[in-house]
Amino acid sequence: QVQLVESGGGLVQAGGSLRLSCAASGRSFSSYAMGWFRQAPGKEREFVSAISWSGGDTYYADSVKGRFTISRDDAKNTVYLQMNSLKPEDTAVYYCAARAGGLSTVVALNYMSYDYWGQGNQVTVAS
């Protein structure tokens, strides 16, 4: 079992940057693949990014490629989402998720693939 807590969100102007952190507690963090999803008001939850347990494989939604970077630091039990060149359409609640298993493209983008979820963290991008 793992517990996840997101932080680092807030209000930023369009074109600015934020770094989200997801701190994990529990056993065997390094064995979990990690993902980020987001949900805007009135919208469905959508995949943002994911990283394999080894850190060797990363996945990004087309809408964030070239702007967002996912990384993990197993020594700190933390996964990060660096968000650059933010746009108003990036405004959403961002959720960290953990999967006790491997990733493929199809698995990574499906929220049902993940076993544990954080409480969410608001990101607001002003135009």
Does any non-hydrogen side-chain atom of [Y] lie less than 4.5 Å from one of [X]?
X     : Y      : result
Ser63 : Arg38  : yes
Phe68 : Asn84  : no
Ser31 : Trp53  : no
Val12 : Thr124 : no
Trp36 : Val79  : yes
Thr91 : Val123 : no
Val48 : Leu81  : yes

Quiz question: by atom type and distance under 3.5 Å, do the side chains of Asp73 and Thr78 form a donor-acceptor pair? no

If we count only N and O atoms by modelled type, under 3.5 Å, do the side chains of Glu6 and Gln119 hold a donor and an acceptor together? yes

Determine yes or no for a side-chain-to-main-chain donor-acceptor pair under 3.5 angstrom, with Arg19 supplying the side chain and Gln82 the backbone. no

Taking Asp115 for its side chain and Ala100 for its backbone only, find out whether a donor-acceptor pair lies under 3.5 Å. yes

Inter-residue atom distance Ser113.OG - Arg99.CZ, 0.5 Å rounding: 5.0 Å

How many angstroms lie between atom CE of Met83 and atom CG of Asp90, to the nearest 0.5 angstrom? 7.5 Å

Please determine whether a side-chain nitrogen of the Lys or Arg among Asp74 and Lys76 lies less than 4.0 Å from a carboxylate oxygen of the Asp or Glu. no

Please determine if Asp62 and Lys65 form a salt bridge, counting it only when a charged side-chain N lies under 4.0 Å from a carboxylate O. yes

Hydrophobic cluster mates of Val106, side-chain heavy atoms under 4.5 angstrom, ILVMFWY only, any path? none

Under a side-chain separation threshold of 4.5 Å, the hydrophobic residues clustered together with Val93 are Phe37, Phe47, Tyr59, Tyr95, Leu103, Val107, Leu109, Tyr111, Met112, Tyr114, Trp117

Which atom of [X] lies closest to which atom of [Y], heavy atoms considered:
X     : Y     : result
Arg67 : Ser85 : NH1-O, 3.0 Å
Ala40 : Ala92 : N-CB, 3.8 Å
Met34 : Cys96 : CE-SG, 3.5 Å

